[in-house]
Structures are given as structure tokens and as C-alpha cells.
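We're numbering straight along the sequence, starting at 1.
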Amino acid sequence: MASFATSLEFLYRRRLTVSIMLGVLAGLAMFVSAAQQPAPDPGIAAFMQMVPLGAVNKGAVIPSFDATGRRTSLITADVIRRVDDDRIYAENLVVQMFNPDAKNDVRIDLKTAFYHMAGGVLRSADRSRVSRSDFIIEGDSLIFDTAKNQGRMTGNIHMVIFDSGALSGDVPPPSESRPTQ
């Protein structure tokens with residue numbers, strides 16, 4: 001039977017692990033925000049060394065705010081786990097990036113993903129989705145380089161653009177000049 005001190009030590013380590021993971025994921029939210037961000041801080045990797053390998057955190061919710069207090073992103077995941085010295089694994093990861101104009105808000109849905117702390121790269125080998133109010137794009141895999149703020153989707157790509165006129169700059173004719181059927 002475990003002693004009371006052993007139980008408290010486990011709870012303390014669990015709480016510390018959750019706090020560290022939330023801090024790292026908040027940093028990830030800043031990396032995937034619309035503004036160009038600097039390269040990942042190597043101190044994050046050193047900080048993650050304190051998290052025990054295999055520590056599982058369930059139901060993670062990590063908001064991010066700018067200097068004015070406006071929410072800029074929200075990361076949620078069913079499961080987050082440190083795999084090794086350089087990688088974090090997440091299941092059902094959702095990254096939402098909020099802009100001042102709500103129509104430019106972006107949502108990224110990943111069934112599973114790995115975040116490489118040293119390189120600042122988010123990877124998913126499963127079907128992934130990126131959506132905004134005017135489009136949805138899905139692909140078999142996704143790679144996002146947070147240092148360059150660039151992503152790549154590969155595999156069976158399917159994209160739906162809801163209003164292609166907005167992308168081309170074409171203005172639709174007034175309703176009275178459109179032919180009736």
C-alpha cells in the first residue's frame with residue numbers, strides 16, 4: 001500500500017507535468033498564429049526534460065492572448081504526451097487562430113500529431129483539415145514549420161472554396177442585371 005507522502009509526490013509531479021505541457025502548447029499556439037514568429041526557443045526543449053517520458057495529459061485546453069488581452073489562439077487536445085527528448089504527441093488536436101476580422105479565423109483539425117520541439121515542426125500523418133469561413137482543405141498528411149510559418153499538405157487533397165469571386169477580385173453583377181430563369 002502506497003504511503004500518503006508517495007501519493008502527494010505523484011500528484012505534485014502530475015500537476016507539474018500538466019503545467020509544463022500547457023506552457024509548451026501555449027508557445028505552439030504563438031508559433032501557428034498569423035504573424036511571423038521567431039524560431040523556437042531552445043529553452044523549451046531543456047524545460048521539457050523535466051517532464052517524465054510518457055506522462056499523459058488528458059483534456060488539454062491552452063488559450064493564447066496578445067498584449068491587449070484579445071484571444072489570438074486556442075489549442076485543445078484529448079491527449080498530450082511527451083514521447084522522447086524532442087517530441088510531443090497529441091490526439092484530436094484542434095488549433096484555432098483568431099484574427100480581428102472573424103471571417104479570417106482559421107481552424108486546424110488533426111487526428112494525431114507530433115510536435116518536434118527542437119525544429120519547431122508540427123506533423124500529422126493522418127487525414128488533416130484546415131478551414132476558414134471561405135474554404136476547407138483536407139489532405140492525407142500535414143507538415144507545418146513554425147519557424148517559417150509555412151505548411152504543406154500532401155496526399156489525397158480535397159479543397160472547397162465557397163466564394164471564388166472573392167479570391168479573384170471579381171465583383172458579381174447587380175441582381176437586376178442577372179438573367180432570370
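Taking 4.5 Å as the limit, every side-chain heavy atom of V83 sits out of range of all side-chain heavy atoms of I88. Contact of the R127 side chain with the H158 side chain is registered, since non-hydrogen atoms from C-beta on lie closer than 4.5 Å. Using a 4.5 Å heavy-atom threshold, the side chains of V79 and N57 count as separate. Between L93 and I75 there is a side-chain heavy-atom pair separated by less than 4.5 Å. The shortest distance between side-chain heavy atoms of M159 and F135 falls below 4.5 Å. Contact of the L110 side chain with the E91 side chain is not registered, since no non-hydrogen atoms from C-beta on lie closer than 4.5 Å. In this structure, L74 and V61 have side chains that are in contact, with non-hydrogen atoms separated by less than 4.5 Å. Contact of the M97 side chain with the I108 side chain is registered, since non-hydrogen atoms from C-beta on lie closer than 4.5 Å.
With sequence neighbours left out, D78 forms a side chain to side chain contact (heavy atoms under 4.5 Å, CB included) with N92. In this view, T154 and S141 satisfy the side chain to side chain donor-acceptor pair (under 3.5 Å) rule, not counting sequence neighbours. Residues meeting the salt bridge (Lys or Arg N to Asp or Glu O under 4.0 Å) test with R70, sequence neighbours left out: D66. Listed by chain and residue number, Y89 satisfy the ring-ring contact (aromatic ring centres under 6.0 Å, His included) test with F114 (two or more places apart in sequence, or in another chain). When the side chain to side chain donor-acceptor pair (under 3.5 Å) test is applied to R71, no partner is found at least two apart in sequence or on another chain. Scored by the salt bridge (Lys or Arg N to Asp or Glu O under 4.0 Å) test, D105 finds no partners at all (sequence neighbours excluded).
What you find for I136 and S131 is that their closest heavy atoms are CG1-CB, 3.9 Å. Scanning both residues, T72 and F65, for their nearest heavy atoms gives OG1-N, 3.9 Å.
In this structure, CD1 in I161 is found 8.0 Å from CG in D134, a value given to the nearest 0.5 Å. Expressed to the nearest 0.5 Å, how far CE of M117 lies from CG of D86 amounts to 6.0 Å. Put simply, NE2 on H116 and CG on L122 are 12.5 Å apart, with the number rounded to the nearest 0.5 Å. A distance of 4.5 Å separates CG of L142 from CE of M153, quoted to the nearest 0.5 Å. To the nearest 0.5 Å, the span separating CZ on R129 from OG on S124 amounts to 13.5 Å.
For residues 113-126, there are no salt bridge (Lys or Arg N to Asp or Glu O under 4.0 Å) pairs, not counting sequence neighbours. Screening residues 108-119 for salt bridge (Lys or Arg N to Asp or Glu O under 4.0 Å) gives R107-D109 as the qualifying pairs, with residues at least two apart or on separate chains.
In this structure, D145 contributes its side chain and Q150 its backbone to no donor-acceptor pair below 3.5 Å. Of the possible donor and acceptor atoms, one in the side chain of D84 sits under 3.5 Å from a partner among the backbone N and O of R87. In this structure, S133 contributes its side chain and K103 its backbone to a donor-acceptor pair below 3.5 Å.
Neither V106 nor V94 shares a network with the other; the hydrophobic side chains, linked directly or stepwise wherever heavy atoms of I, L, V, M, F, W or Y lie under 4.5 Å apart, form separate groups for each.
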